[in-house]
Amino acid sequence: MTIQIHNTLSGKKEPLQTLEPGHVKLYVCGITSYDFCHIGHARSALAFDMIVRYLRYRGYKVTFVRNFTDIDDKIIARAQEQGTSSEELANRFINEFYIDMDRLGVDRPDIEPKATEHIKEMTDLIGELIGKGMAYQAGNDVYYIVDSFPEYGKLSKRNLEDMKAGARITVNEQKKHPMDFVLWKGSKPGEPTWDSPWGPGRPGWHIECSAMSRKYLGETFDIHGGGQDLIFPHHENEIAQSEGANGKPFVKSWIHHGFVTIRDEKMSKSLGNFLTIRDILDHYHPEILRFFIFSTHYRNPLDFSESAMKDATAGLERLYECVAAVDSLDPASADKTAKSILTPKDIKKVMELETRFQQAMDNDFNTAQAQGVFFDTVKNINRLHGKITGAPAAEDIRFLKNATALLKKLAAIMGLLTEDAQSFLAARREKRIADSDIDASAIDALIAERYQCRLDKNWARSDQIRDELLARNIELCDGPEGTTWSVKSK
RNA sequence: GGCGGCGUAGCCAAGUGGCCAAGGCAGUGGUCUGCAAAACCAUUAUUCAUCGGUUCGACUCCGAUCGCCGCCUCCA
């Protein structure tokens with residue numbers, strides 16, 4: 001089985017064939033650091049985190065590069081608003097980004113280049129394009145000549161004629177063609193500047209990715225990724241720059257993930273439906289967000305809502321409940337004379353987990369399908385666990401523990417089931433108590449009273465106490481070790 | 001207007017032409033319990049927006065229609 005990946009360039013799923021055997025070279029467009037990251041950035045980071053982990057699990061060496069855009073118009077504007085330098089602002093939000101990524105448990109890429117640390121690579125590349133007649137200086141700016149690259153539009157499937165017709169682009173007198181885009185911008189007074197053969201200025205947005213990917217991954221590499229909104233113009237322009245300068249194919253396969261929407265609208269600041277990663281993590285455990293994001297295939301739109309997060313919570317807890325139940329089996333309590341309850345069919349069903357997981361993930365990283373495989377396995381584990389009556393056979397304990405160990409190993413590729421199951425569930429219960437203003441001692445007193453009622457078989461009063469507490473969103477659970485209580489999930 | 005994508009049960013969501021159309025949430029029935037709750041088990045789409053076509057056979061391929069979304073300006 002080979003891994004199939006949907007390639008935006010061809011519009012089809014294609015088998016992964018690395019240029020260098022067993023080594024995937026991956027470049028992903030990172031953030032422009034001028035504000036806190038939102039849930040859409042989280043989806044991007046998590047999608048590629050999962051992809052890298054899966055490729056490594058499948059035995060590939062992966063060189064993963066993700067850049068920081070730390071100089072651009074928005075950064076300059078925001079820095080001026082705040083009375084600070086663009087350097088300080090960009091670095092501050094890079095640090096905030098790391099805080100978010102660490103909370104989400106996202107692994108660091110191998111290389112995280114910053115645009116401002118690669119000005120030389122960019123000016124070299126621009127120089128090459130001018131030398132080839134593919135770029136020109138106009139005033140203090142340098143522009144790319146889109147007409148010089150016949151394949152312009154091949155990624156976004158559009159042509160220059162169509163784009164001119166629907167042009168909503170501000171007319172720029174200096175440009176020879178309205179679609180020509182800027183490689184180098186002459187600086188205005190007060191803006192950050194770097195020296196260049198075309199005078200003081202700063203790089204255009206697209207050139208950094210062409211320059212930095214070439215430096216770290218070479219002129220041609222395997223996979224380039226980002227959000228669907230980057231297809232045009234950003235990635236289209238990267239292709240024009242890189243293939244124009246290098247005369248070689250830029251990227252073998254393009255991966256673009258879908259948006260996060262809220263009430264089916266794309267998040268945007270103008271609509272005010274903007275949720276930052278830390279807004280979400282203040283209310284939900286990081287694994288719940290991960291579970292939610294991976295419950296849909298990465299290319300589909302994903303609609304954020306409280307009810308969707310509630311579903312994700314219930315689903316993740318179901319997985320943890322299964323693991324916790326198996327964890328609580330004590331090998332020392334095994335009955336040496338007990339017969340195994342396992343049938344060859346049971347064993348086969350559970351052992352299919354890894355194959356089925358790989359089939360799902362090989363199919364363009366289909367995490368939604370893979371989650372389905374997890375639940376099938378959980379169902380089987382629970383069924384077998386339920387078949388055990390009395391002291392279990394040692395063989396059965398070993399089998400169930402191996403099964404949950406495998407489940408945890410595979411779920412970890414999506415960053416799920418990484419915590420101790422008992423602790424996770426206990427923390428969930430405590431969080432619910434903490435989130436509600438409940439007087440625990442008063443509840444304990446009522447439980448004590450009810451305990452006496454139950455000994456006296458005074459069911460009426462006993463049930464009355466339970467109903468009173470239930471009205472306050474507190475659930476009682478009568479077990480062999482006494483009564484426990486928990487706050488009901490909404 | 002140009003280009004791309006999507007429409008599968010109450011909700012979410014897989015499905016790379018052919019055994020009963022995964023899975024989750026919610027619902028229903030059971031096990032457990034004094035009764036419950038939680039947990040677990042079982043169960044829930046003769047049908048895949050609509051209409052045609054190709055095929056021995058289509059949710060899957062092709063065409064048309066309706067509806068929704070995204071990109072074409074910064075954007076994950």
Side-chain angles (χ1 to χ4, degrees), chain A residues 4 8 11-13 28-32 37-48 72-74 77 153 156-159 161-170 179 205 225-234 236 256-261 264-269 291-292 295-297 299-303 305 307-308 310-319 321-322 324-325 356 359-360 362-364 366-376 378-379 382-383 385-387 454 457-460 462-463 466-467 469-470 474-480 483-486 488:
Chain A
Q4 302 279 322
T8 308
K12 290 184 211 138
K13 279 185 207 172
V28 172
C29 290
I31 58 160
T32 299
C37 287
H38 56 65
I39 183 175
H41 297 111
R43 185 179 197 187
S44 178
L46 290 172
F48 290 106
D72 108 308
D73 290 348
K74 291 189 299 292
S156 55
K157 316 275 192 289
R158 56 190 84 196
N159 62 59
E161 286 311 305
D162 292 342
M163 286 188 276
K164 257 198 292 195
R168 286 195 286 169
I169 307 145
T170 324
M179 293 310 295
W205 174 34
Q228 278 170 354
D229 48 356
L230 296 182
I231 295 171
F232 190 88
H234 185 53
E236 195 69 68
H256 292 99
H257 66 259
F259 297 122
V260 178
T261 59
D264 292 323
E265 283 180 318
K266 183 182 169 183
M267 282 198 304
S268 80
K269 291 189 175 173
F291 185 98
F292 165 67
S295 65
T296 297
H297 182 82
R299 274 190 292 115
N300 290 345
L302 177 62
D303 197 49
S305 66
S307 70
K310 195 185 154 204
D311 285 356
T313 304
L316 182 63
E317 286 181 355
R318 180 171 162 81
L319 298 182
E321 295 276 3
C322 169
R356 291 181 62 207
Q359 278 170 0
D362 280 356
N363 182 18
D364 197 25
N366 196 330
T367 53
Q369 198 173 24
Q371 284 187 351
V373 176
F374 292 160
F375 283 109
D376 273 347
V378 160
K379 185 178 286 188
N382 286 338
R383 191 175 45 77
H385 196 172
K387 264 166 78 174
R454 294 182 71 222
K457 297 203 190 301
N458 180 357
W459 307 126
S462 167
D463 292 351
R466 185 172 63 201
D467 291 345
L469 288 172
L470 190 61
I474 292 157
E475 281 175 337
L476 296 187
C477 170
D478 299 326
T483 299
T484 58
W485 59 277
S486 58
K488 221 174 136 183

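Chain identifiers are assigned alphabetically (A, B, ...) following the order of the sequence lines, protein sequences preceding nucleic acid strands; residue numbering begins at 1 within each chain. Note that this is a predicted model, so its numbers are computed, not measured.
- Out of C25(B), G34(B), G23(B), the shortest distance to the side chain of Asp376(A) is found at G23(B).
- As rounded to whole Å, 15 Å separates atom P of A38(B) from atom CD1 of Ile474(A).
- With a cut-off of 3.5 Å on both Watson-Crick or G-U wobble distances, the partner of C68(B) is given as G5(B).
- Here Lys387(A) pairs with Asp346(A) under the salt bridge (Lys or Arg N to Asp or Glu O under 4.0 Å) rule; sequence neighbours left out.
- One can place CD of Gln371(A) at 13 Å from C1' of C25(B), the figure rounded to the nearest angstrom.
- Under the salt bridge (Lys or Arg N to Asp or Glu O under 4.0 Å) criterion, Asp72(A) pairs with Lys74(A), not counting sequence neighbours.
- For Phe292(A), the ring-ring contact (aromatic ring centres under 6.0 Å, His included) partners are Phe304(A), not counting sequence neighbours.
- No donor-acceptor contact under 3.5 Å links the side chain of Asn300(A) to the base of G5(B).
- Judged by distance alone, with hydrogens and angles left aside, Asp467(A) brings no side-chain donor or acceptor close enough to the base of C35(B) to form a pair under 3.5 Å.
- When rounded to the nearest whole Å, the span between NZ of Lys457(A) and C1' of C35(B) equals 12 Å.
- Here A13(B) is the nucleotide among C25(B), A13(B), G15(B) with the atom lying nearest to any side-chain atom of Ala368(A).
- At a threshold of 4.0 angstrom between heavy atoms, the contacts of Asn366(A) are confined to the sugar-phosphate backbone, with no base atom among them.
- A salt bridge is absent between Asp376(A) and Lys379(A): the closest approach of a Lys/Arg side-chain nitrogen to an acidic carboxylate oxygen does not fall below 4.0 angstrom.
- G24(B) and G15(B) have their C1' atoms separated by 16 Å, given to the nearest Å.
- In this structure Asn300(A) satisfies the side-chain hydrogen bond (donor to acceptor under 3.5 Å, both in side chains) test with no other residue, sequence neighbours excluded.
- Rounded to whole angstrom, the span from the CD1 atom of Ile231(A) across to the P atom of C69(B) amounts to 19 Å.
- Considering OG1 of Thr367(A) and CD of Gln371(A), their distance stands at 6.0 Å, rounded to 0.5 Å.
- In this structure His297(A) satisfies the ring-ring contact (aromatic ring centres under 6.0 Å, His included) test with no other residue, sequence neighbours excluded.
- Annotation: side-chain hydrogen bond (donor to acceptor under 3.5 Å, both in side chains) contacts of Thr483(A) (sequence neighbours excluded): Asp478(A).
- Rounded to whole Å, the P atom of G63(B) lies 46 Å from the corresponding atom of C40(B).
- Only the P atoms considered, C59(B) is 12 Å distant from U16(B), to the nearest whole Å.
- Pairing for A39(B) goes to U31(B), judged as Watson-Crick or G-U wobble with the two contacts each under 3.5 Å.
- Which of A37(B), G34(B), C3(B) sits closest to the side chain of Lys157(A) comes down to C3(B).
- Between the OG atom of Ser156(A) and the NE2 atom of His234(A) there is a distance of 13.5 Å, given to the nearest 0.5 Å.
- Comparing A22(B) with A64(B), their C1' atoms are spaced 32 Å from each other, to the whole Å.
- Nearest to the side-chain atoms of Arg466(A) among the listed nucleotides G34(B), C72(B), A14(B) stands G34(B).
- Across C3(B) and G57(B), the matching C1' atoms stand 35 Å from one another, rounded to whole Å.
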Close N or O pairs between protein and nucleotides 40-42 of chain B (under 3.5 Å):
from	atom 1	to	atom 2	distance (Å)
C40(B)	OP1	Arg318(A)	NH1	3.4
C41(B)	OP1	Lys379(A)	O	3.3

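- With both ends at atom P, the span from C20(B) to U8(B) equals 24 Å, rounded to whole Å.
- Counting to the nearest Å, the C1' atom of G24(B) and the CZ atom of Phe375(A) are 5 Å from each other.
- Protein atom NE2 of His297(A) is 12 Å distant from nucleotide atom C1' of G5(B), rounded to whole Å.
- Atoms CG (Leu316(A)) and P (A13(B)) sit 18 Å apart, rounded to a whole Å.
- Distance Lys13(A) NZ to G15(B) C1': 9 Å, rounded to the nearest Å.
- The pairing partner recorded for C25(B) is G10(B), the criterion being a Watson-Crick or G-U wobble arrangement whose two distances lie under 3.5 angstrom.
- Taking a pair to require two hydrogen-bonding distances under 3.5 Å in either a Watson-Crick or a G-U wobble arrangement, U46(B) remains unpaired.
- Base pairing of U55(B) is not made with any nucleotide, judged by Watson-Crick or G-U wobble geometry with both donor-acceptor distances under 3.5 Å.
- Partners of Trp485(A) according to the ring-ring contact (aromatic ring centres under 6.0 Å, His included) rule, which considers only residues two or more places apart in sequence or in another chain, do not exist here.
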Please list each protein N or O that sits under 3.5 Å from an N or O in nucleotides 74-76 of chain B, with the distance.
from	atom 1	to	atom 2	distance (Å)
C74(B)	O2'	Lys74(A)	NZ	2.3
C75(B)	O2	Lys266(A)	NZ	3.0
C75(B)	N3	Lys266(A)	NZ	2.9
A76(B)	OP1	His41(A)	NE2	3.1
A76(B)	O5'	His41(A)	NE2	3.0
A76(B)	O2'	Gly227(A)	N	2.6
A76(B)	O2'	His257(A)	NE2	3.1
A76(B)	N1	Val260(A)	N	2.9
A76(B)	N3	Gly40(A)	O	3.3

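- Of the candidate nucleotides G34(B), C71(B), U16(B), U16(B) has the atom nearest to the side chain of Asn363(A).
- With hydrogens and angles ignored, the 3.5 Å screen pairs a side-chain donor or acceptor of Glu236(A) with a backbone N or O of Gly153(A).
- Using atom C1' as the reference point in both A45(B) and A9(B), the two lie 5 Å apart (nearest Å).
- When the P atom is used for both C68(B) and U28(B), the distance is 35 Å, rounded to whole Å.
- Comparing Asp311(A) and Ala308(A) along RNA chain B, the residue whose closest nucleotide (by nearest heavy atom) sits nearer the 5' end is Ala308(A).
- Residue-to-nucleotide proximity on RNA chain B shows that, of Gln369(A) and Ser462(A), the 5′-proximal contact is made by Gln369(A).
- Atoms OG1 and NE2, from Thr32(A) and His41(A) in turn, are 7.5 Å apart once rounded to the nearest 0.5 Å.
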